Each structure stands twice: as C-alpha cells, then as structure tokens.
A.B. asks: 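Encoded as structure tokens, here's the structure I'll be asking about.
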Amino acid sequence: MSYAIISVGGKQYRVREGERLLVDRLPLEDGATFTPSVLLTGGEGGATLAPGVVVTAKVVRQAKGPKLTIGKYKKRTGYKRHTGFRASLTQIEIESIGGGSRRGKQAAEKSAPEAKAAPEAKPAEQKAPSALPAGYADLTVAELKQAAGGWSAAELAAALEYEQSHAKRKGAVAALESAISEAR
C-alpha cells in the first residue's frame, strides 16, 4: 500500500509508512503501539475501501502545540482580557501499512524456508525477451514514453510483453500500446 487514510481522535489523516505526525492527545505512554481505524487505502492505480488492512502506529512522544494568545478589548470602557492556549498533542509514527513493515517483510522472506525455493524462480523472472531494448528495466515511465517513439515494432512488442508479465506499470503499458498503434 502506498498510503492510507486513518481516523485518530475523530479526525482523518492521510499517512504513509514511516511518516510522523501530530494528533490530538492520546491516552497512551511513549513507545506504545496501537492500530488506528483504517478508512481507505490507495496507491499504484487507485484507492479502495480497506476492511482488512491494518495500520500500525507507535507513540513517539507527548507534546504541546504552539502558544495562541487571545485578547479581548472594548474601547472606552477599560475592558481588557488576555488568555492563552496550547493544544496537548501526541506525535505518532506510522510503522506499517497492510500488515508488516517493509523491513519486517524482507527479514521474514530471508528467514522463511520458501526463500530456498526462490532461486529457482528467479531465472524465469529475469529472463527477458531477446528483442527488448538495452537498459529497458532501468527506464522510468517518463523515459519510456520518450524513448518508445524510436523503437522498432519487435522492440515495442517485446517491451509490452515484459510489462504485462513482470512490472505491470499502467503508465508504461499505456505508452507502449499507444506507440504500437502509432507505428501501424
């Protein structure tokens, strides 16, 4: 998941993994971990309602907001009142979205017994069509859109096949399909 919209203390926040934010004071100790309610998740193509997605957040510290000064004054009556206010806040850090953190997933993959079977699958994943343009895997979508105009029909077909079976980047697939239609 790229981002999630969570609800904490009656307010909604758009958060990403590793992000820190200030929310209204929570009755939790520093270092405590909690799971706020998730309203929506999104990224890589669109937003979806998230009934099963779990966001994990950690309380970093309790803090005070900036001081606000409130002054009341009525002319020619001698009425002056001054008061101030500082919001009580809690700084939280989003540890993971969707079950586990990226670091946690990588560690779990390395220690899992299935990791031994993964080398067998890697050659199939790394196998690219022979007509694929040189350095294609390192191209961003924007670079791919610019370069696709100068490729041959075989290179375009090979790149489209590669995208559909491996990367599945929507912008890249659209750019390749439009370049193929223009080449015809």
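These figures come from a predicted structure and were not determined experimentally.
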A.B. asks: Are L89 and V60 connected in the hydrophobic side-chain network, where two residues link if heavy atoms are under 4.5 Å apart?
C.D. replies: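 No.
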A.B. asks: Output the distance between atom CD1 (I94) and atom NZ (K58), rounded to the nearest 0.5 Å.
C.D. replies: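 It is 12.5 Å, given to the nearest 0.5 Å.
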A.B. asks: With a 4.5 Å cut-off on side-chain heavy atoms, are V59 and E29 touching?
C.D. replies: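 Answer no - side chains too far apart.
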A.B. asks: Please confirm whether R16 makes a cation-pi placement over Y3, using NZ or CZ under 6.0 Å from the six-membered ring centre and within 45° of the ring normal.
C.D. replies: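 R16 over Y3 ring: no.
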A.B. asks: I'd like to know if the side chain of R25 reaches the main chain of K64, judged simply by a donor and an acceptor atom lying under 3.5 Å from each other, with no hydrogens or angles considered.
C.D. replies: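 Not a single qualifying donor-acceptor pair exists.
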A.B. asks: Any heavy-atom pair between the side chains of W151 and L176 that's under 4.5 Å?
C.D. replies: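 The answer is yes; the side chains approach within 4.5 Å.
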A.B. asks: Output the distance between atom CZ (R81) and atom CD1 (I70), rounded to the nearest 0.5 Å.
C.D. replies: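 Answer for the CZ-CD1 pair, R81 versus I70, is 14.5 Å.
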A.B. asks: Checking R86 side chain against P66 main chain: does a donor-acceptor pair fall under 3.5 Å?
C.D. replies: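 Here the side-chain-to-backbone pair does not exist.
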A.B. asks: Measure from NZ or CZ of K74 to the centre of the six-membered ring of Y79, then state whether that distance is under 6.0 Å and the direction lies within 45° of the axis.
C.D. replies: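 That pair qualifies as a cation-pi contact.
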A.B. asks: Could you go through the side chain to side chain contact (heavy atoms under 4.5 Å, CB included) check for V38 and V54 one step at a time?
C.D. replies: CA-CA 7 Å; V38 180; V54 177; over 6 Å; no
A.B. asks: Does any non-hydrogen side-chain atom of F85 lie less than 4.5 Å from one of T69?
C.D. replies: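 Contact flag for T69/F85 side chains = no.
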A.B. asks: Answer yes or no: is there a donor N or O on one side and an acceptor on the other, between the side chain of E143 and the main chain of T140, under 3.5 Å?
C.D. replies: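 A pair under 3.5 Å: yes.
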A.B. asks: Does E95 offer a backbone N or O that forms a donor-acceptor pair with the side chain of T56 under 3.5 Å?
C.D. replies: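 Not confirmed, T56 side chain does not pair with E95 backbone.
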A.B. asks: With a 4.5 Å cut-off on side-chain heavy atoms, are L22 and T90 touching?
C.D. replies: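 Not in contact.
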A.B. asks: With a 4.0 Å cut-off on N to O distance, would you call E93 and R20 a salt bridge?
C.D. replies: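 Yes, E93 and R20 are salt-bridged.
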A.B. asks: I'd like to check I5 versus Y13 (side-chain heavy atoms, cut-off strictly below 4.5 Å). Are they in contact?
C.D. replies: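 SC-SC contact between I5 and Y13 ruled out.
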A.B. asks: If you compare all heavy atoms of V55 against all heavy atoms of P36, which two are closest, and at what distance to 0.1 Å?
C.D. replies: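 Taking V55 first and P36 second, the nearest heavy atoms are O-CD, 3.4 Å.
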A.B. asks: Okay, side chain of E155, backbone of S152: is any donor-acceptor separation there less than 3.5 Å?
C.D. replies: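 A pair under 3.5 Å: yes.
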A.B. asks: Taking the side chain as every heavy atom from C-beta outward, state whether I6 and L39 have any pair of such atoms under 4.5 Å apart.
C.D. replies: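 A side-chain contact is absent here, since even the closest heavy-atom pair is not under 4.5 Å.
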A.B. asks: Do you know the tightest heavy-atom contact between A175 and S178?
C.D. replies: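 Heavy-atom minimum between the residues: O-OG, 2.9 Å.
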